[in-house]
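Working notes, beginning with the structure itself.
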Amino acid sequence: MSTLTSISGSALKGRRSAAKLAKTSMTLETIEVRQPAAACTTTAVETPAQAAETPAKAATASGAFRRIATKTMKFLGFSMLAMAALVFLFLAIGPRILGYQTSTMLTGSMAPLINPGDVVVTVPTPIVDLKVGDIITYHIPVEDQRVETHRITEITATADGSVAVQTKGDANNGIDPWIATLQGKTVDKQIATIPYVGNAIRALREPLVLNILMYGAPGILVIGMLASIWSKDPSKSTLEDTAQPQAASHD
C-alpha cells in the first residue's frame, strides 16, 4: 500500500506541475499576441491625425500671412492718401482760408530758433504794429531781392512817411548790410515754426513724388481690396455650403 501511495502522489505532483507549465506558457503567448496588436492599433490611430494636422497648420499660416499683407497694403494706401491730403490742405487751402503764408528756411542765419528745412508760418501784419524783436519775412532791397526771414533790430520813419527797418539774423555776427523800406500797409510776420517739414514739402513738390502720391496711393488701395478678396479661405466657404444642406435635411 505504501508503494502505491507514493507512486500516486508523485504522479499527481507531476500532473500539477505540467498544468502549471501549460498555464504559464498560455499566459506568455497571450501577452506576446496582445502586445503587437496594441502597437498596431496605436500606430493606425495616430498616423491619420498627424497627417490631417499638417495641411491645417499650413493653411492657417498661409491665411495669417495673407491677412497681414492685406492690412499692410491698406495701411500704406491710406497713409499716402492722408499725407497728400494734409499737404494739399496746408499749402493750398489753408493760406486761402486762414490767410497765413508758408516759406522754407534755406540757411542757418536764424539758428537755433529757425533751422534749415524748417517751415516759417507768417501772417500779414500792419506795418504800424511792428516792434523791435519781431521776425519778418520780406524782400531784401539789394542783389536779387530774395526773400529773407530776419529779426528787426531797429525801426525808423522815412521822410515820405514810410517805415524802414534794420534786420539781423540771430546766428549772424553783425546786422544786415542794408536798410529795407517796407512797401504797402502790411508785412509778413512770423507766428510759428514747424521743424523739418520744409524738407518734406520740397520733396513732395517734386514731380516724381507727386505722381507717386497721385497714382500710387489709389493703386495700393485697389491692390489691398483685391488682396482682401483673395485672402478669403475657400475651404471655409466650402464647409459652410456643405453644412447648410445637411442642416436642411435634418429639419
Side-chain angles (χ1 to χ4, degrees), residues 57-126 129 134-139 146-151 169-171 184 186-237 240:
K57 291 180 179 179
T60 303
S62 177
F65 176 78
R66 286 196 298 267
R67 287 192 296 271
I68 293 173
T70 301
K71 291 180 179 180
T72 303
M73 295 294 289
K74 288 182 178 180
F75 175 77
L76 290 176
F78 282 118
S79 298
M80 293 177 68
L81 286 178
M83 183 182 297
L86 288 175
V87 170
F88 178 75
L89 290 173
F90 182 68
L91 296 179
I93 304 301
R96 295 178 180 274
I97 297 176
L98 302 177
Y100 64 82
Q101 299 295 326
T102 60
S103 59
T104 301
M105 195 69 180
L106 301 178
T107 67
S109 61
M110 285 297 293
L113 179 64
I114 307 174
N115 298 294
D118 294 351
V119 168
V120 181
V121 182
T122 60
V123 293
T125 303
D129 293 339
D134 288 342
I135 299 174
I136 61 173
T137 298
Y138 66 102
H139 290 275
R146 67 181 182 274
V147 175
E148 193 69 82
T149 301
H150 278 179
R151 191 183 301 275
D170 290 354
T186 62
V187 66
D188 290 333
K189 175 184 172 181
Q190 181 259 3
I191 60 169
T193 301
I194 306 176
Y196 311 114
V197 176
N199 292 330
I201 291 176
R202 282 191 294 175
L204 291 173
R205 285 176 175 172
E206 294 294 328
L208 177 61
V209 179
L210 286 176
N211 290 332
I212 291 175
L213 288 175
M214 187 176 297
Y215 302 106
I220 291 176
L221 284 177
V222 171
I223 294 174
M225 293 175 64
L226 293 176
S228 64
I229 296 174
W230 294 333
S231 63
K232 292 182 178 179
D233 192 352
S235 61
K236 292 183 179 180
S237 301
E240 291 177 356

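Starting from 1, each residue takes its place in the sequence as its number.
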* Would R151 and D170 pass as an ion pair if we require N to O under 4.0 Å? -> yes
Just how far is it from atom [atom1] of [X] to atom [atom2] of [Y], taken to the nearest 0.5 Å?
{"X": "T137", "Y": "M105", "atom1": "OG1", "atom2": "CE", "result": "8.5 Å"}
{"X": "K189", "Y": "Y138", "atom1": "NZ", "atom2": "OH", "result": "16.0 Å"}
{"X": "I114", "Y": "I194", "atom1": "CD1", "atom2": "CD1", "result": "11.5 Å"}
{"X": "I191", "Y": "I135", "atom1": "CD1", "atom2": "CD1", "result": "12.0 Å"}
{"X": "T186", "Y": "D129", "atom1": "OG1", "atom2": "CG", "result": "11.0 Å"}
{"X": "E148", "Y": "T107", "atom1": "CD", "atom2": "OG1", "result": "5.5 Å"}

For residues [X] and [Y], report the shortest heavy-atom separation together with the two atoms involved.
{"X": "V119", "Y": "G198", "value": "CG2-N, 3.2 Å"}
{"X": "F90", "Y": "Y100", "value": "O-OH, 2.9 Å"}
{"X": "G108", "Y": "A171", "value": "O-CB, 3.3 Å"}
{"X": "G169", "Y": "M110", "value": "CA-SD, 3.8 Å"}
{"X": "L113", "Y": "D118", "value": "O-OD2, 4.4 Å"}
{"X": "T193", "Y": "P195", "value": "O-CD, 3.5 Å"}

* Is any side-chain heavy atom of I136 closer than 4.5 Å to a side-chain heavy atom of T149? ->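 No - every pair of side-chain heavy atoms lies 4.5 Å or more apart.
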* Contact check, side chains of D188 and P124, non-hydrogen atoms, under 4.5 Å -> yes
* Is the CZ atom of R96 crowded by more than 12 outside heavy atoms at less than 6.0 Å? ->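 No.
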* **Donor-acceptor pair, side chain of T122 and main chain of V120, under 3.5 angstrom** => no
